[in-house]
Undergrad: 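The structure that follows is given in the form of structure tokens.
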Amino acid sequence: MTDSIHNSDTHSGVSRRAFLKGSGAAAAATAVGTSTAPLAAQEGGTEVVRGEKTISLTVNGQNRQATVEPRTTLLEMLRYQFDLTGAKPVSLDGSSGASTVWVDGKTVAASTMLALQCEGKAIRTVESLGGDQPDPVAQAFVKHDAEQCGFCTPGFVVAVRAFLDKHPNASEEEIRQGLNGNICRCGTYANIIDAAMSIVKGESHG
Amino acid sequence: MVEYYWPQREETTLIGKPVDRLDGLEKATGTAKYTYDVNLKDQLIAKALGCPHGHCRIKSIDTAAAEATPGVVHIELLREPGSEIEWEGELIAVVAADSEGAAVEGRSKIDVQYETLEVFTNDEDLEAAKEAGRTTRGGGKAETQREPGEEDDEDEFIEDEIKRLFGEAAHVIEGYYGIDAITHCCLEPHGSTVHWDNGRLIAYLSTQNVSGTDDGFARDLNLTADDVDVICEYIGGGFGSKFAADYWGIAAARISKQTGRPVKFMLDRDQELKLGGNRPSGYIKVKLGADENGVVQIWDSEHWGTGGANGGGVSHGVIPYVLSPPNYRRLATNIKVNAAQARAWRAPNHPQACAMSQTAYDDLAAQMGADSYDIFMRNLGSAQGAKPEVYAEEMKIAARLMDWKAKWHAHGKGPRDGSVVEGLGMALHTWGGTANNSSCQLKIYPDGSVQSFCGTQDLGTGTRTVCAQVVADTLGLSLDQVQVNIGRSTYPNSGASGGSTTVGGVSESHRRAAQDALMKLFDQVAGALEADAGDLEAVDGRIRIKGSPESSLSWKEACSRLGLKPLEVTASYQRGSGSPLSSSGVGGVQMAHVTVDTETGVVKMRKFVAVQDMGLIVNPKTAKSQIYGAAIMGIAYALFEQRKLDPATGAFVNAEMADYKLPRLGDTGQIIVELYEPDSERERGVIGLGEPPVISPGAAISNAVCNALGVRVPVLPLTPKRVLDALQQAGRV
Ligand code: FES
């Protein structure tokens, strides 16, 4: 028995990555009106849109420009072009929450958004919660030791900050129900709940 | 000669105190740089093509189209035509390109032709494995209190003796239990970012073994370890799977050399799950016999499972687990399946052994209509690892925290709320946790600053913080006066972080170095204080005469007497050398309270209690975090995660985060952690903690589900389907 593999990106050949890198990119390219055609058609049906485009956006309050391809994700742009590596690549479809950032004030998994879609948008990353006066949520994570290896932590800090912005008086039950978009393998959940509750209660961590 | 010791509990300023981890803010605000995050100028991104078949032979590989892909700079074959591949995901070729997109596109254009071969994946079916010729002996042992006579054939004697003991037993249990293979699923995948600098390899490697992996690179690249600088400031999870450079690390170094550019080569998520490490499965048939009090007298078991394509499985050496009756026979069979080989997973063998043994003890309680707590307590006489009285004390504490006595009901006899029933379960565990080899260089500078250097790593344990606590406390300084340097292979050697050996090791080396350095500093300043060096002490940032604290020098003044050169010492601890600072052997008790919906099969965690000893506790805050984490990792393998292999193709069908089920924040219920550190434990010195608390959750949760339902759901994870199947088999639906 023989078998020829094209587009062997995953065993199925129609992986999420293929979607993002191929048809998704084409759709996004259309959406922002670039003229990056022609499409390089390819065996197996995945099409790669070629051509780079420079986009303007704000990142953590600063005006920035980036030259991106149609297939470049927001996460890749942040990590490789701006060296903002707080948002982590854990799952392409965003199911781990590790790449969570704000786009125009709404949380988004940066791995699921294309850079071209960010033209003119305001991106805020976990790094904006640091600096000389760290955000109380980041401080609460330290005080309550809501981190071990720390790889999931930036995504969780953004998720908790966003959740508490919306629900400043959340109960413990609401916190348990409202933060299920992120995964931690080291098992920091118990301490994350404590950290979040301490913010609700207005405890200071500075 | 400096005599090494730990200060008494009431004399410490930092040791034993709940100190915030020093790198906490860097992690929380995204500035901590993990291997994946290290971006080097002009770096290439490497992506590998994984084999799509569980078992096949490569017929041909055509990379022409991939090479022609814009942005692709280099392609390297990791396998040649003709090679046999025995598991899905094995890497065949690497594409290095200017961007991730180009690397992925190039990879998609590699055309590989395969001849598929026969696949076997069914590790739970021992008969099928035997028929397929996939089994090997895994060893075994039999032990009886009565010895065979001179004339006796030993096997026959044991067979007869076992028969006799079962004949005498007041209670006999026959059970089947199991636990599926799971993966490590590190959130930062395995990989490296590497570059060459004048013939030296600089490797940022996601590793639990900073001091040991330079050798690994060197061996495979024809270098000496001195030509390799391994760096790992932060690692996004390892759990026993990241001890080596791995062939993909070596490939990154080769590609970097050939292209003259830095290379970042991290596994994709599905590759991480398929290749990055997994834990062997285990399934067991047990018969045990107990006396009228429920004290087990005889254990007879056969277990099997798989460690992957080369066989392997759960060692028979830890079966039955902790509670080890005077008469037993155990046999292990290993099965070869088409999956990547297992790697050490947090507390190798123990979680499976616990889940395959202490479930049977709980079934004994169920059959007797007895309280499981009492049956475990009565069997402590045979406990291995920690002392029986330590387990007993920890059981009492756990029961109080769980409110066990008030909540307890006989198996299957609890109150019912609609379709929901609830139950309690418990389990015990043990682990060694001997300190690993570790060396520490300590420098005290004339301006009073202090730096330590040690080739260890911080897996999330809080190693960096522990080092600082030990050094600062010993020198009478505050944490911010000490700078800890770890995570580079150029620093003094320190053992790999495996087997709960790191905190013990670094506490040894850092305490020794700090005591040595302090003694030298005392020698230098004794004259100025008109005292003997032996009469000095370092307290609150001052060097002073014991008993007359008014005669003192500030730390800075004292250090200024060092002259121009820093005071430098290097101190080492060798494993097994005997030391008052560390020892080994801990125990722990865990209890679970769950609810089970008999209509949907869903198990929910209500409460989980973990009581744990670990000798002297350096940082109770980070220690507690490790136990919380272990409990949650245990809940993960008890209720959620499993590696699912497609029997026809060998494909690992759930190798993505969305499909590989892990508990989320709302799934873990209330968790209570109690550190057990009476003086008798503290006096033993530091003992490792990483592994032990991850051992008991499987058995404890399985027992709680059984207590709720009155029916054993035999194999972990206890998915809704398995719960419903077990109820149906028991005629309960
Ligand atoms: S802290 Fe390691 S994954 Fe969450």
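Each chain gets a letter, A, B and so on, in the order the sequences are listed, and its residues count up from 1.
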Undergrad: Is there a side-chain contact between A:F141 and B:K27, using heavy atoms and a 4.5 Å cut-off?
TA: no
Undergrad: Are the charged groups of A:K88 and B:D37 less than 4.0 angstrom apart, N to O?
TA: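 A salt bridge is present here (some side-chain N lies under 4.0 Å from a carboxylate O).
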Undergrad: Please state whether the side chain, the backbone, both or neither of A:N182 comes within less than 4.5 Å of a heavy atom of chain B.
TA: backbone
Undergrad: Locate the shortest heavy-atom distance separating B:A28 from A:V126; write the atom from each residue and the value.
TA: O-CG2, 3.5 Å
Undergrad: Is there a side-chain contact between A:D83 and B:K33 (heavy atoms, below 4.5 Å)?
TA: yes
Undergrad: So what's closer than 4.5 Å to chain B heavy atoms on A:V90: side chain, backbone, both or neither?
TA: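 Interface part for A:V90: both.
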Undergrad: With heavy-atom distances below 4.5 Å as the criterion, would you say the side chains of B:R21 and A:D145 are in contact?
TA: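 When only atoms from C-beta onward are counted, A:D145 and B:R21 do touch, with a gap below 4.5 Å.
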Undergrad: Which one wins on heavy-atom pair count under 4.5 Å against chain A: B:M266, B:E272, B:Q670, B:H184?
TA: B:H184
Undergrad: Which bit of B:I235 is near chain A, if near means a heavy-atom gap under 4.5 Å: side chain, backbone, both or neither?
TA: backbone
Undergrad: Take a 6.0 Å sphere around NZ of B:K604 and say whether it holds more than 12 heavy atoms from other residues, nucleotides or ligands.
TA: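 No, the 6.0 Å shell around NZ holds no more than 12 heavy atoms from other groups.
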Undergrad: Looking only at non-hydrogen atoms, find the nearest pair between B:N39 and A:T85 and report the distance.
TA: ND2-CG2, 3.9 Å
Undergrad: May I ask you to name which of A:G155, A:G86, A:A190, A:A138 has the most heavy-atom pairs under 4.5 Å with chain B?
TA: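 Of the candidates given, the most pairs with chain B belong to A:A138.
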Undergrad: How many angstroms lie between atom SG of A:C152 and atom CD of B:E188, to the nearest 0.5 angstrom?
TA: 12.5 Å
Undergrad: Between B:F239 and A:C186, what is the shortest heavy-atom contact and its length?
TA: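 Nearest pair, atom of B:F239 first, then A:C186: CZ-SG, 3.8 Å.
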Undergrad: Select one option (side chain, backbone, both, neither) describing which atoms of B:A102 are under 4.5 Å from chain A's heavy atoms.
TA: both
Undergrad: Given a strict heavy-atom distance threshold of 4.5 Å, which part of B:A655 is in contact with chain A: side chain, backbone, both, or neither?
TA: neither
Undergrad: Just by distance, no angles: are the side chains of B:S625 and A:N191 close enough, under 3.5 Å, to form a donor-acceptor pair?
TA: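 Per modelled atom types, B:S625 and A:N191 side chains form a pair under 3.5 Å.
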Undergrad: Determine whether A:F156 and B:L665 make a side-chain contact, defined as any pair of heavy atoms from C-beta on separated by less than 4.5 Å.
TA: yes
Undergrad: So how far is it from A:E147 CD to B:T622 OG1, rounded to the nearest 0.5 Å?
TA: 11.0 Å
Undergrad: Tell me, for A:Y80 versus chain B, whether the close heavy atoms (under 4.5 Å) come from the side chain, the backbone, both or neither.
TA: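 Its backbone and side chain both get close to chain B.
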Undergrad: Under 4.5 Å from any heavy atom of chain A, what part of B:I45 do you find: side chain, backbone, both or neither?
TA: side chain
Undergrad: Kindly compute the distance separating OG (A:S91) from CG (B:D270), expressed to the nearest 0.5 Å.
TA: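 Answer rounded to 0.5 Å: 12.5 Å.
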Undergrad: At a heavy-atom separation under 4.5 Å, does A:E127 approach chain B through its side chain, its backbone, both, or neither?
TA: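 Interface part for A:E127: both.
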Undergrad: To the nearest 0.5 Å, what is the distance between CE on B:M657 and CG on A:D93?
TA: 9.5 Å
Undergrad: Would you say that A:I183 contacts B:R664 through its side chain, given a criterion of any heavy-atom pair below 4.5 Å between the two side chains?
TA: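 They are in side-chain contact.
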Undergrad: Examine whether an atom of B:Q43 lies under 4.5 Å from a heavy atom of chain A, and if so say whether it belongs to the side chain, the backbone or both; otherwise answer neither.
TA: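 Contact with chain A is through the side chain of B:Q43 alone.
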Undergrad: Counting only non-hydrogen atoms closer than 4.5 Å, does B:K624 touch chain A with its backbone (N, CA, C, O), its side chain (CB onward), both, or neither?
TA: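 Neither part, no heavy atoms under 4.5 Å.
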Undergrad: Determine whether A:L92 and B:R269 satisfy the following criterion, side chain to side chain contact (heavy atoms under 4.5 Å, CB included), listing intermediate values before the conclusion.
TA: CA-CA 8 Å; A:L92 290 170; B:R269 176 51 47 190; over 6 Å; no
Undergrad: A:P154 and B:G30: which non-hydrogen atoms are nearest, and at how many Å?
TA: CG-CA, 4.0 Å
Undergrad: Ignoring hydrogens, what is the shortest heavy-atom contact between B:G236 and A:F151? Give both atom names and the distance.
TA: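 Heavy atoms of B:G236 and A:F151 come nearest at CA-CB, 3.8 Å.
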Undergrad: In plain terms, say whether B:E641 and A:R185 are close enough for a salt bridge, that is, a side-chain N and a carboxylate O under 4.0 Å apart.
TA: yes
Undergrad: Any non-hydrogen side-chain atom of A:C149 less than 4.5 Å from a side-chain atom of B:Y234?
TA: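 No, every pair of side-chain atoms sits at 4.5 Å or beyond.
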Undergrad: For A:A98, which atoms come within 4.5 Å of any heavy atom of chain B: side chain, backbone, both, or neither?
TA: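 Neither; nothing under 4.5 Å.
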Undergrad: Kindly determine whether A:R71 and B:E100 satisfy salt bridge (Lys or Arg N to Asp or Glu O under 4.0 Å), including the steps that lead there.
TA: CA-CA 10 Å; A:R71 63 189 169 194; B:E100 227 176 273; over 6 Å; no
Undergrad: Count the heavy atoms belonging to other residues, nucleotides or ligands that lie under 6.0 Å from NZ of B:K661, then report whether that count exceeds 12.
TA: no
Undergrad: Is it the case that the side chain of B:T29 and the backbone of A:G130 share a donor-acceptor pair, with hydrogens and angles ignored and the cut-off at 3.5 Å?
TA: no
Undergrad: Show the nearest heavy-atom pair for residues B:L187 and A:C184, with the distance to one decimal.
TA: CD1-CA, 4.5 Å
Undergrad: Return the option, out of B:I632, B:D458, B:T668, B:V38, with the maximum number of heavy-atom pairs under 4.5 Å with chain A.
TA: B:I632
